[in-house]
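FYI, the numbering just counts along the sequence from 1.
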Amino acid sequence: MKLKLEYNNLLDVINLNFKVYNPLKEFVSKKNFISIVKKKRLTDNKFFPIPIFINISQNLYDKLKTYKNIQAYYKSKKVCDLKIKSFYTLNKIRVGESLFKTKNKKHPGLTRFLKSGDYFIQCKIENFNHKIMKNLNFTYPSKIKSIFLKRRLKTVVGFHTRNVPHRAHEWIHQYGLKKCNALFIHPLIGQYKKKEYKEKAIIKGNLKLIKSIYKNKNVIFGLLNSYPRYAGPREALFHALIRKNYGCTHFMLGRDHAGVGKYYTKYESQKLCIKHEKYLKVKIISFKEPYLCTSCKKVVNKCNHKKNNKVLINGTKIRNLIFSGKKIPDKLMRKQISKTLSKSSII
């Protein structure tokens, strides 16, 4: 029997297979799902903050429920076999509200979860088809760990982004390099919303910064091919754990990490990750949001000048300039990078 995977399912299969989501090895059971939501732990007590699942419709469940092995396909290509351990249902409203820490049905993560299938599959990945990796941008954790080992890097800080780098990012990069021997710039690619940068623009912009501007052998680049869950602080824990699996000793957290709208407070992710640092087994480097101070004439994250001297720099502001056909000031983003961008760089 065949199962057509959604794109997010495909990415989860790949990340589970290549140990990006360690210690999780398979799509979760009902007991593990509930344990993760309640305790941020698997039933064997290993720390894990986000359930990784496949769920299907009632109609599809009726077709698959008697099978113990299913062939998983994405479009026309076989991805793997899924060894079925169980099918189960959940109280999706209760679980979703706890997972996303909101009852507001306008929350995009909660909305997507509630609209998705009602039957969940606990299953193990077998006979993974490595040929599907040919057309995907993916960075293998084993490759990055070997680079860190070869360069004898004792401390490496991971940096998560979904943006083309601007001046505030550069401040964060340098802040990280003051704290650690090396910096791992690791953009999340996979699925995007309208008005966000396209995957190619993010890759091109970050590589331009690393190769042409930084020229520092201790700044390493890789890609996290996954997707945003919009789970705020809980997702920040997940992102930190992933960077540990890539060999990072530290992880940087700024403003409203993995947040969406005003569902989570500005530094809630930092607080939660610092609280769980010993379970994550990765050190958290937190900082206040950097900004351009017109009096200091540089990007800082604290100074004694008045509020109206502070200019916030963010991806939304820069994309709005691109949409309106306005020039991006060099003080917000380097010209070498901004000149690579146009309206076609945005979805």
Show which side-chain atoms of residues 210-221 pair as donor or acceptor with protein atoms under 3.5 Å away, not counting sequence neighbours.
residue: Tyr214; atom: OH; partner: His173; partner atom: ND1; Å: 2.7
residue: Asn216; atom: OD1; partner: Asn218; partner atom: N; Å: 2.8
residue: Asn218; atom: ND2; partner: Asn181; partner atom: O; Å: 3.4

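- In this structure, His257 and Phe251 have perpendicular ring planes: the angle between them is above 60°, well past the 30° mark.
- With a 6.0 Å radius and a threshold of 12 heavy atoms from other residues, nucleotides or ligands, Lys204 has its NZ atom at or below the threshold.
- In this structure the side chain of Pro141 never reaches within 4.5 angstrom of the side chain of Lys19, judged on heavy atoms.
- Remark: side-chain polar atoms of His250 are not paired, donor with acceptor, to backbone N or O of Ile284 under 3.5 angstrom.
- No path of Ile, Leu, Val, Met, Phe, Trp and Tyr side chains, each step under 4.5 Å between heavy atoms, connects Tyr291 with Ile172, placing them in separate hydrophobic clusters.
- Linking Ile, Leu, Val, Met, Phe, Trp and Tyr whenever their side-chain heavy atoms come within less than 4.5 Å puts Leu99 and Ile34 in one cluster.
- With Gln270 contributing its side chain and Gly254 its backbone, the two residues share a donor-acceptor pair below 3.5 Å.
- In terms of modelled atom types and a separation under 3.5 Å, the side chain of Ser98 and the main chain of Val95 share no donor-acceptor contact.
- A cation-pi contact, defined as under 6.0 Å to the ring centre and within 45° of the axis, is absent between Arg234 and Phe100.
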Are Asp81 and Asn127 close enough, and set up right, to give a side chain to side chain donor-acceptor pair (under 3.5 Å), and what steps lead you there?
-> CA-CA 6 Å; Asp81 293 324; Asn127 305 317; 2.6 Å; yes
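- Residues Lys105 and Glu97 are paired through a salt bridge, judged by an N-O separation under 4.0 Å between the basic side chain and the carboxylate.
- Annotation: Lys283, atom NZ; neighbour count of heavy atoms from other residues, nucleotides and ligands within 6.0 Å does not exceed 12.
- Looking at heavy atoms from C-beta onward, Lys85 lies in side-chain contact with Glu26 at the 4.5 angstrom threshold.
- Note on ring orientation: taking the six-membered ring where Trp is involved, the planes of Phe33 and Phe113 are tilted (angle from 30° to 60°).
- The cationic group of Lys65 does not satisfy the cation-pi geometry with Phe87, failing either the under 6.0 Å distance to the six-membered ring centre or the 45° limit from the ring axis.
- Rounding to the nearest 0.5 Å gives a distance of 5.5 Å between SG of Cys303 and NZ of Lys310.
- To the nearest 0.5 Å, the span separating CD1 on Ile322 from CD1 on Ile346 amounts to 4.0 Å.
- Residue Val299 comes nearest to Ala168 through the heavy atom pair CG1-CA, 4.2 Å, listed as atom of the first residue, atom of the second, then distance.
- Taking all atoms of both residues into account, the shortest heavy-atom contact from Cys273 to Leu280 is O-CD1, 3.8 Å.
- Lys200 NZ: 12 or fewer foreign heavy atoms inside a 6.0 Å radius.
- The aromatic rings of Phe128 and His130 lie perpendicular to each other, with more than 60° between the two planes, well past the 30° mark.
- Tyr73 and Leu64 are members of different hydrophobic clusters when ILVMFWY side chains are connected at heavy-atom separations under 4.5 Å.
- The CD1 atom of Ile125 lies 5.5 Å from the SG atom of Cys80; values are rounded to the nearest 0.5 Å.
- Using a 4.5 Å heavy-atom cutoff, the side chains of Arg255 and Asn314 are in contact.
- Between the side chain of Asn15 and the backbone N or O of Asn225 there is at least one donor-acceptor pair closer than 3.5 Å.
- The closest donor-acceptor contact from the side chain of Tyr246 to the backbone of Thr139 lies under 3.5 Å.
- For Asn304, the CG atom sits in a loose shell: 12 or fewer heavy atoms of surrounding residues, nucleotides or ligands are nearer than 6.0 Å.
- Inter-residue side-chain proximity for Leu10 and Ile132 is flagged as met; some heavy-atom pair is nearer than 4.5 Å.
- Between His276 and Phe47, the angle of the ring planes lies from 30° to 60°, which puts this pair in the tilted group.
- Follow the hydrophobic side-chain contacts under 4.5 Å out from Tyr267 and you never reach Ile274; the two are in separate clusters.
- Classification of the Tyr140-Phe18 ring pair by plane angle, with boundaries at 30° and 60°, yields perpendicular.
- Gln71 contributes no side-chain N or O that, together with a main-chain N or O of Lys78, makes up a donor-acceptor pair within less than 3.5 Å.
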Applying side chain to side chain donor-acceptor pair (under 3.5 Å), run through Arg319 and Asn163 and close with a yes or a no.
-> CA-CA 10 Å; Arg319 288 192 295 274; Asn163 261 307; 2.9 Å; yes
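- Here the straight-line distance linking atom OG1 of Thr161 with atom NE2 of His166 works out to 7.0 Å at 0.5 Å rounding.
- In Lys101, the NZ atom is not crowded: 12 or fewer heavy atoms of neighbouring residues, nucleotides or ligands sit closer than 6.0 Å.
- More than 12 heavy-atom neighbours from other residues, nucleotides or ligands sit within 6.0 angstrom of NZ on Lys40.
- Using modelled atom types, no side-chain atom of Lys25 and backbone atom of Lys124 make a donor-acceptor pair closer than 3.5 Å.
- Between Lys143 and Ser146 the shortest heavy-atom distance is O-OG, 2.6 Å.
- Taking the six-membered ring for Trp and thresholds of 30 and 60 degrees, Phe238 and Tyr21 have ring planes inclined between 30 and 60 degrees apart.
- Between Ser86 and Lys30, every side-chain heavy-atom pair lies at or beyond the 4.5 Å cut-off.
- A cation-pi arrangement is absent between Arg151 and Phe148 under the rule of less than 6.0 angstrom and at most 45 degrees off the ring axis.
- Leu312 and Ile318 end up in different hydrophobic clusters when Ile, Leu, Val, Met, Phe, Trp and Tyr side chains are linked at under 4.5 Å.
- In this structure, the separation between CG on Asn17 and CG on Asn129 is 10.5 Å, given to the nearest 0.5 Å.
- Note that CG of Leu253 and CZ of Phe287 are 7.5 Å apart. Values are rounded to the nearest 0.5 Å.
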Only distances under 3.5 Å count here; give the side-chain donor-acceptor pairs of residues 324-333 to other protein atoms, sequence neighbours excluded, each with its distance to 0.1 Å.
residue: Ser324; atom: OG; partner: Asn320; partner atom: O; Å: 3.0
residue: Ser324; atom: OG; partner: Leu321; partner atom: O; Å: 3.1
residue: Asp330; atom: OD1; partner: Lys335; partner atom: N; Å: 3.1
residue: Asp330; atom: OD2; partner: Arg167; partner atom: NH2; Å: 3.1

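- A donor-acceptor distance shorter than 3.5 angstrom exists from the side chain of His107 to the backbone of Tyr230, with no hydrogens or angles considered.
- A cation-pi geometry, defined here as NZ or CZ lying under 6.0 Å from the six-membered ring centre and within 45° of its normal, holds between Arg41 and Tyr279.
- The closest donor-acceptor contact from the side chain of Asn32 to the backbone of Leu42 lies at 3.5 Å or more, if one exists at all.
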Check against ring pair (Phe, Tyr, Trp, His ring centres under 6.0 Å), Tyr7 and Tyr74 = CA-CA 7 Å; Tyr7 190 56; Tyr74 180 69; 5.6 Å; yes
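- A distance-only check finds no donor-acceptor pair linking the side chain of Lys131 to the backbone of Lys77 [under 3.5 Å].
- When side chains are defined from C-beta on, Leu114 counts as touching Ile93, because their heavy atoms get closer than 4.5 Å.
- Between Thr340 and Val164, the closest side-chain pair of non-hydrogen atoms is not below 4.5 Å.
- Looking only at side-chain heavy atoms (C-beta outward), Ile285 and Cys180 come within less than 4.5 Å of each other.
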